[in-house]
Amino acid sequence: MSMDIKEIAEQYGTPLYVYDFDYIEERYSSLKDAFAGKKSLINYAVKANSNLSVIAHLAKLGAGADCVSIGEVKRALSAGVSKYKIIFSGVGKRDEEIRAALEYDILLINLESEAEMKRVEMVAKALGKEARISIRVNPNIDPQTHPYISTGLHENKFGVEIEMAKRMYIYAKKSEFLNPVGIHFHIGSQLTKLEPIAEACGIVADLVRSLKAIDIDIKFFDVGGGIGVVYDDEQTIAPQAYTDAIFQATKGLDVTILCEPGRYMVANAGVFLTKVLYEKVNEEKRFVIVDGAMNDLIRPSLYNAYHRIEAVAKEADTPENKKTPADVVGPVCESGDFLGKNVPLPPLEHNDLLAVHSAGAYGFTMASNYNTRPKPAEVAIQGDKVKLIRKRETYEDQVRLELECMEESAE
Ligand code: LLP
């Protein structure tokens, strides 16, 4: 990021998320370019970073949105994503969410079970509408990623098996209130190997061919999200190799390819800034205690995820700046509250700034108010402009929805 991170931290305070919008644009273009000449739509997975400004930035570039709650659908619509570029996925949808999705007339409702199909049919019937649907197929492929973010195996709760999908398509085709136009799969997140994606594409494309043979015409072939990014020294998937594998698998099919990248677009656009409160050394360990914590960025605690941590403006390798390993920990009352373990860091003082890298995806969106800590502010950088895109929460924001206790309110 070409900016003075220290100045930004001074101006907006810490803990703070900072996103590089130019980088997001580059990432979007790198993927869009790899689809050149083919019918395609990039449905940004809003869950990765759902700040309205981030979604609006991608919408202006032409992106659609992949949403997993009606709240995300509303975010996408209010950020300016065209309704015909919005997909609503997720293993469980409430009737009112289904109703709202039908009323908004979004591109697709993605079904994850037979029971869900029946609910969507009922809600569509009550509204006198036809629901455009896709079905999430679980191709039973091991994506070779962290088990918590693996989704394409039969042991995972997502999607339906091929045979079930076929039965559902046949049912939907006959229904007056369902219009089966799409097919979907998503085998996992932070995928660094192409083979499992290529294999899943092949399996699902074969299903599309067999559906065509029984006059069920699939128009949208959705390959999900999951393209991995570099946190450390991972080898990841190149956009052109990714799209080539998809083109290869879908050869001869007249479909629009949809994909749902989240992390790919935003992970490395973001940095989480936190200030040192103090150091503490015991016989075994050096701890750097900072003002950011697991409630702000939970990935290290939850997945043991690695995020590179750097001491800003302290990198000179002088004898007095010699780096030694330290655990970077927050103020939350849990031993699992850490941002990094054994991080090589120079001696640090009160108010020194640390940058936690690759924090643009599943950072702020997974933040909580645990320990009544306010959620951090968010800032965007574009060209030479810096803009606050979400204010820091206050104590009042946190208690706003809480009510007087029963005893007092009972007359
Ligand atoms: N589409 C579907 C249906 C998904 O379930 C997901 C992610 C995506 C797209 C976007 O995946 P991406 O391109 O970002 O890998 N909190 C975890 C990641 C959970 C991903 C859940 N689904 C983390 O911090 O690593």
Side-chain angles (χ1 to χ4, degrees), residues 17 24 27-28 30-31 41-50 54-55 58 63-69 72-73 76 86-93 108-112 116 134-139 143-153 156-160 182-193 196-197 200 204 220-232 234 236-237 239 242 257-270 272 294 296-307 339 356 358-368:
Y17 278 99
I24 296 176
R27 296 295 272 187
Y28 177 82
S30 68
L31 198 53
L41 176 62
I42 296 178
N43 287 82
Y44 167 60
V46 167
K47 60 175 85 69
N49 186 324
S50 39
V54 172
I55 307 172
L58 281 157
D66 164 51
C67 304
V68 283
S69 68
E72 287 191 351
V73 172
I86 296 177
I87 304 171
F88 182 19
S89 294
V91 278
K93 303 178 187 77
L108 288 171
I109 298 180
N110 193 23
L111 306 177
E112 301 223 18
E116 183 170 64
S134 56
I135 295 175
R136 178 168 181 173
V137 177
N138 182 331
Q144 301 166 31
T145 186
H146 191 290
Y148 282 16
I149 50 178
S150 154
T151 48
L153 281 169
N156 303 127
K157 66 178 175 177
F158 299 98
V160 297
I183 198 155
H184 173 267
F185 68 91
H186 169 84
I187 58 171
S189 198
Q190 183 55 12
L191 307 177
T192 52
K193 300 212 169 59
I197 305 177
V204 177
F220 300 100
F221 188 91
D222 185 344
V223 300
I227 314 174
V229 303
V230 177
Y231 285 98
D232 189 5
E234 299 89 339
T236 56
I237 300 166
Y242 176 70
I257 310 286
L258 308 187
C259 66
E260 307 167 347
R263 192 188 314 265
Y264 179 85
M265 294 293 169
V266 291
N268 279 314
F272 177 64
M294 67 186 289
D296 305 308
L297 177 63
I298 203 174
R299 301 195 72 258
S301 309
L302 193 56
Y303 314 113
N304 214 7
Y306 171 80
H307 287 260
L339 298 174
V356 183
S358 314
Y362 308 108
F364 186 91
T365 49
M366 293 180 82
S368 76

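Residue numbers count from 1 along this sequence. Whatever order the structure lists ligands and atoms in, that order sets their numbers, starting from 1.
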Ligand 1 atoms in contact with Arg136 (distance to a heavy atom under 4.0 Å): 3 (C)
Flag for Tyr264-Thr236: side-chain donor and acceptor within less than 3.5 Å: no
Any side-chain heavy-atom pair of Phe185 and Val223 under 4.5 Å: yes
Check: Pro261 N/O within less than 3.5 Å of ligand 1 N/O: no
Atoms in ligand 1 with a heavy atom of Gly225 nearer than 4.0 Å: 1 (N), 9 (C), 13 (O)
Parallel, tilted or perpendicular, as decided by the 30° and 60° cut-offs, for the rings of Phe272 and Tyr17: tilted
Of Val73, Asp222, Ile109, the residue whose pairing with Ile87 passes side-chain contact (heavy atoms from CB on, under 4.5 Å): Asp222
Side-chain touch Gln190/Val229, heavy atoms, less than 4.5 angstrom: yes
Close N or O approach (Glu260, ligand 1; < 3.5 Å): yes
Minimum side-chain heavy-atom gap Leu41-Phe220 below 4.5 Å: no
Part of Asp66 within contact of ligand 1 (heavy atoms, under 4.0 Å): side chain
Any N/O pair Tyr362/ligand 1 closer than 3.5 Å: yes
Heavy-atom proximity to atom 25 (O) of ligand 1, best of Arg299, Met265, Gln190: Arg299
Atoms in ligand 1 with a heavy atom of Gly262 nearer than 4.0 Å: 12 (P), 13 (O), 14 (O)
Ligand 1 contact on Arg263 by region, counting heavy-atom pairs under 4.0 Å: both
Tyr303 and ligand 1 - part of the residue with a heavy-atom distance under 4.0 Å: side chain
Lys/Arg-Asp/Glu bridge criterion (N-O < 4.0 Å) met for Lys47, Glu72: no
Options Ala45, Ser89, Ser189, Gly188, ranked by nearest heavy atom to atom 15 (O) of ligand 1, top entry: Ser189
Subset of ligand 1 atoms that lie under 4.0 Å from at least one heavy atom of Gly226: 11 (O), 12 (P), 13 (O), 15 (O)
Approximate separation, where rounding is to 0.5 Å, of Cys67 SG and Ile55 CD1: 7.5 Å
